[in-house]
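Right, one structure below, let's go through it.
Counting convention: from 1, in listed order, for ligands and their atoms alike.
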Amino acid sequence: MTVRALLWDVDGTLAETERDGHRVAFNRAFEAAGLDWHWDIERYGELLAVAGGVERVLLDLSTRADAPPALDARTALARDLHRRKNALYAEIVSAGRIPLREGVREMIDEARARDLPMGIVSTTSRANVEALLGLHLGADWQRGFAAIVCGEDVGAKKPDPEAYRRAVAQLDIDARDAVAIEDSPLGATAARAAGVPVVIARSVYFPATAVPGALAHGPGLHTRNRWRPVPKDRGERGKQCITLDDLVAWHAKAAAPLDLA
Ligand code: XBP
Ligand code: MG
């Protein structure tokens with residue numbers, strides 16, 4: 001068994017978009033809508049229990065005394081705030097406030113150099129992915145990805161496996177032959193439920209994500225330290241980031257039959 005594609009989660013994995021991007025944009029949207037609401041860092045972390053910005057607003061509304069009582073009105077308000085938030089998020093991103101996480105560009109470049117197909121598997125809105133990757137990878141960023149699945153493309157967001165199943169179908173590969181890179185329990189659960197082996201690059205909101213069955217987990221692709229399993233040639237000069245060979249080695253190790261001798 002070999003690795004035939006690399007599947008990227010977006011929020012938290014490609015970039016730390018949540019705390020300084022989506023959260024800030026939501027707060028600006030509340031203000032623009034005349035609402036005296038504010039999501040601090042901790043509250044937003046609680047709301048990350050659900051995927052999807054509309055779903056996140058609805059979760060918050062379910063706890064607010066000043067929320068519209070009727071379901072229709074709540075949904076309309078959530079959609080309006082989400083639309084405003086995405087426009088404000090795009091402004092934050094295009095102002096260069098959200099860099100790619102360290103080690104991400106190196107991994108993308110390596111996959112391209114070695115002709116390994118890549119996919120984007122996110123349940124964020126397509127416009128948000130466009131804003132982030134258009135800025136960092138260039139206007140033709142889509143050409144670098146053989147599969148792009150976003151929130152609008154699925155009936156059920158992560159942790160449902162649908163986004164991963166779609167990506168694997170678009171790539172026409174066996175799910176077991178891909179490696180997903182994820183940061184959150186919801187994302188990792190989605191990948192595993194689709195049969196896609198997953199590597200966890202922990203993010204600010206998920207500093208302790210360790211999913212049973214993950215190929216490996218560590219603090220980010222930028223360092224070879226504090227990863228489990230330990231990358232093979234840790235400390236080798238010239239190598240600082242996690243490389244494609246590390247992913248391939250973790251994948252092969254997990255796929256190997258148990259040595260029962
Ligand atoms: C993350 C999400 C999204 C974003 C916000 O998706 O759950 O909801 O936080 O984007 P992923 P939207 O980690 O799969 O990239 O407001 O467009 O939902
Ligand atoms: Mg994520």
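- The distance from ligand 1 to the heavy atoms of G52 drops below 4.0 Å at these ligand atoms: 2 (C), 3 (C), 7 (O), 8 (O), 18 (O).
- An N or O contact shorter than 3.5 Å links T123 to ligand 1 by distance.
- Formation of a donor-acceptor pair under 3.5 Å by the T13 side chain with backbone atoms of V10 is not found in this model.
- Remark: minimum distance from atom 7 (O) of ligand 1 to any protein heavy atom is reached at R56 NH2, 2.9 Å.
- Checking H217 against R202 by side-chain atom types alone, a donor-acceptor pair falls below 3.5 Å.
- If you number the atoms of ligand 1 from 1 as listed, the ones under 4.0 Å from a heavy atom of V10 come out as 15 (O).
- Between D174 and R4 no salt bridge is recorded (no basic side-chain N to carboxylate O distance below 4.0 Å).
- Counting only heavy atoms of the protein, atom 17 (O) of ligand 1 lies nearest to S125 OG, 2.5 Å.
- Taking every heavy atom of G53 and a limit of under 4.0 angstrom, the matching atoms of ligand 1 come to 8 (O), 12 (P), 16 (O), 18 (O).
- Using a 4.0 Å cut-off between heavy atoms, N128 contacts ligand 1 through its side chain alone, with no backbone atom that close.
- Annotation: D9 places an N or O atom under 3.5 Å from an N or O atom of ligand 1; distance criterion only.
- Side-chain N or O atoms of R226 include none that pairs as donor or acceptor with a backbone N or O of P219 at under 3.5 Å.
- Under the 3.5 Å distance criterion, with hydrogens and angles disregarded, no donor-acceptor pair is assigned to the side chains of D72 and T75.
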Would F30 and W39 count as a ring-ring contact (aromatic ring centres under 6.0 Å, His included) here? Give the steps. CA-CA 10 Å; F30 299 152; W39 286 347; 5.0 Å; yes
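- Between L48 and ligand 1, no N or O atom pair is found at a separation short of 3.5 Å.
- At a cut-off of 2.8 Å, D183 coordinates the Mg ion (ligand 2) through an N, O or S atom.
- Under the 4.0 Å criterion applied to side-chain N and carboxylate O atoms, R43 and D60 are assigned as salt-bridge partners.
- From the protein, the heavy atom lying nearest to atom 14 (O) of ligand 1 is K158 NZ, 2.8 Å.
- For the pair H136 (side chain) and G96 (backbone), a donor-acceptor distance under 3.5 Å is absent.
- For F145 and W8, the distance between ring centers is not under 6.0 angstrom.
- Atom 15 (O) of ligand 1 has S122 OG, 2.7 Å as its closest protein atom, hydrogens excluded (heavy atom only).
- Scanning all protein heavy atoms for the shortest distance to atom 10 (O) of ligand 1 gives T124 OG1, 2.6 Å.
- Within D11, the N, O or S atom at minimum distance from the Mg ion (ligand 2) carries the name O.
- The side chain to side chain donor-acceptor pair (under 3.5 Å) test with K158 is passed by exactly one of T124, D9, T189: D9.
- Here the heavy atom of the protein found nearest to atom 6 (O) of ligand 1 is D11 OD2, 3.3 Å.
- Per-residue contacts place H82 under 4.0 angstrom from the following atoms of ligand 1 (heavy atoms of the residue considered): 12 (P), 16 (O), 17 (O), 18 (O).
- The Mg ion (ligand 2) lies under 2.8 Å from an N, O or S atom belonging to D9.
- Between the side chain of H38 and the backbone N or O of E31 there is no donor-acceptor pair closer than 3.5 Å.
- The shortest heavy-atom distance from E55 to ligand 1 is not under 4.0 Å.
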